[in-house]
Peer 1: 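Encoded as structure tokens, here's the structure I'll be asking about.
All chains are named by letter (A, B, ...) in the order of the sequence lines, taking the proteins before the strands, and each is independently numbered beginning at 1. The figures here come from the full heavy-atom set of this structure, side chains too, leaving out hydrogens, waters and symmetry mates.
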Protein chains: 2
Amino acid sequence: MVAKSQDELERALQDQGYRLTPQRTLILEVIRECDDHVSAEQIYARVREVYPYVNISTVYRTLDLLAGLALVTKTDLGEGRVLYHWAEKGNHHHLICQKCGAVASLDDDLLEPLKQTLLLKFGFQANLDHIAIFGHCAECGSLSPSGHGPH
Amino acid sequence: MVAKSQDELERALQDQGYRLTPQRTLILEVIRECDDHVSAEQIYARVREVYPYVNISTVYRTLDLLAGLALVTKTDLGEGRVLYHWAEKGNHHHLICQKCGAVASLDDDLLEPLKQTLLLKFGFQANLDHIAIFGHCAECGSLSPSGHGPH
DNA sequence: TTGCGTGCAAACGGTTTGCAGGAAC
DNA sequence: GTTCCTGCAAACCGTTTGCACGCAA
């Protein structure tokens, strides 16, 4: 896919009947710059560095708008907040170590077999745009073979 | 695995130095009866039917305790609240339709290949006790092939 | 000039916490 | 008698909402 320029994106928004405001321009810009997944709060902070009069609710509303247009994807990693990610950067997945917190990336095609299985067996079209898999990484896994205990 | 009786469980708690209170007994009982995943709020409601003087924070504290002892598992399906499940009932997974909300169960061994792959390729011990996979079920998937639009 | 988008503030819902009193051991 | 556990109330945190104003079109 060809990465769109900021101008193109802004025009696209307008073409679909949405107004172009400085807030939207900024939020759009910030989230496109982020290589990683970011929370609404992080985007808010970044935007405010440039233009301090933006409100957090505007950030949420804009992110919802962009998600509706499939320009950003929302990911809930089950940590009590939602992360956002510029959709053009493509799908990727996470291996998250529950011990040391390390996050590794995981290629799309490793999930392909599972996706196929679900489709064949259940006719279920899995949306694996963003998946988080928790567990223990190589280092932490080898250290503690044991299981649970009182915390 | 052999299912433990209520008595055994209560003794086990005491053996580990935890006190046995009516609240804990009740919460333990309620969550064991639930075949499904339940929220703290649901457990709270059930407990209060029997003993109305229980507080929601006690429910949370007890659930945390039981989760620490690996007697219950916590599952975050990304719906803004955590679901609890009696651990002895075994692992199972969910196929959740993002359109109609239907939830289907998924057997453990369908995820086994993925688990193996992760272990071999990355040495990553995936904890797939409870996994939620979002997407479109057979019915909803066949109805709308199209994608996103402004909402 | 129209009405969409914004800032503000307040509300929300699930969850956590500090504290003092009470119950289990 | 100690210590853990509980109820209460308030705080928390991410997110949403109602409203009136202001700016993009």
Peer 1: Distance check needed: D:dT6 P versus B:Leu26 CG, whole Å only.
Peer 2: 11 Å

Peer 1: Please compare B:Ala40 and A:Asn55 by the position of their nearest nucleotide in DNA chain C and report the one closer to 5'.
Peer 2: A:Asn55

Peer 1: Would you kindly give the CD1-to-P distance between A:Ile56 and D:dT16, to the nearest whole Å?
Peer 2: 11 Å

Peer 1: Is there a path of hydrophobic side-chain contacts, each under 4.5 Å between heavy atoms, that joins B:Leu110 and B:Leu119?
Peer 2: no

Peer 1: On a heavy-atom basis, which atom in A:Ile56 and which in A:Tyr44 lie closest, and how many Å separate them?
Peer 2: N-CE1, 3.4 Å

Peer 1: Mark up nucleotides 18-25 of chain D, 5' to 3', with B wherever a protein heavy atom is under 4.0 angstrom from a base atom, S wherever such an atom reaches only the sugar-phosphate, and - elsewhere.
Peer 2: B-----BS

Peer 1: Taking only the side-chain nitrogens and oxygens of B:Tyr60, find out if one of them lies under 4.0 Å from OP1 or OP2 of C:dT15.
Peer 2: yes

Peer 1: Rounding to an integer number of Å, can you tell me how far A:Leu63 CG sits from D:dT15 C1'?
Peer 2: 12 Å

Peer 1: Using whole Å, report how far CD1 of A:Ile27 lies from C1' of C:dG5.
Peer 2: 11 Å

Peer 1: Before giving the answer on side-chain contact (heavy atoms from CB on, under 4.5 Å), spell out for B:Arg24 and B:Leu65 the whole-Å C-alpha distance, their side-chain angles and the decisive distance to 0.1 Å.
Peer 2: CA-CA 10 Å; B:Arg24 285 183 175 171; B:Leu65 170 64; 3.7 Å; yes

Peer 1: For A:Glu10 and A:Gln6, run side-chain hydrogen bond (donor to acceptor under 3.5 Å, both in side chains): C-alpha distance rounded to whole Å, both residues' side-chain angles, the deciding distance at 0.1 Å, then the answer.
Peer 2: CA-CA 6 Å; A:Glu10 294 177 1; A:Gln6 183 81 10; 3.3 Å; yes

Peer 1: Would you confirm whether A:Gln23, through its side chain, and A:Val47, through its main-chain N or O, come within 3.5 Å as a donor-acceptor pair?
Peer 2: no

Peer 1: Of all the choices, D:dG7, C:dT15, D:dC5, which nucleotide is nearest to the side chain of B:Arg24 once you look at every atom?
Peer 2: D:dC5

Peer 1: Less than 3.5 Å apart, any donor N or O on the side chain of B:Ser5 or B:Asp7 sitting next to an acceptor on the other?
Peer 2: no

Peer 1: Please report, rounded to the nearest Å, how far the P atom of D:dT15 is from the CD atom of A:Gln42.
Peer 2: 11 Å

Peer 1: If I compare all heavy atoms of A:Leu26 with all of A:Tyr51, which pair ends up nearest, and what's the gap?
Peer 2: CD1-CB, 3.4 Å

Peer 1: Within the pair B:Gln23 and C:dA23, is there a side-chain N or O less than 4.0 Å away from OP1 or OP2?
Peer 2: no

Peer 1: How long is the line joining OH of A:Tyr44 and C1' of D:dT15, in whole Å?
Peer 2: 13 Å

Peer 1: May I have the distance from B:Arg81 (atom CZ) to C:dC12 (atom C1'), rounded to whole angstrom?
Peer 2: 16 Å

Peer 1: Starting from C1' on C:dT6, measure out to CG on A:Asp64 and report it in whole angstrom.
Peer 2: 15 Å

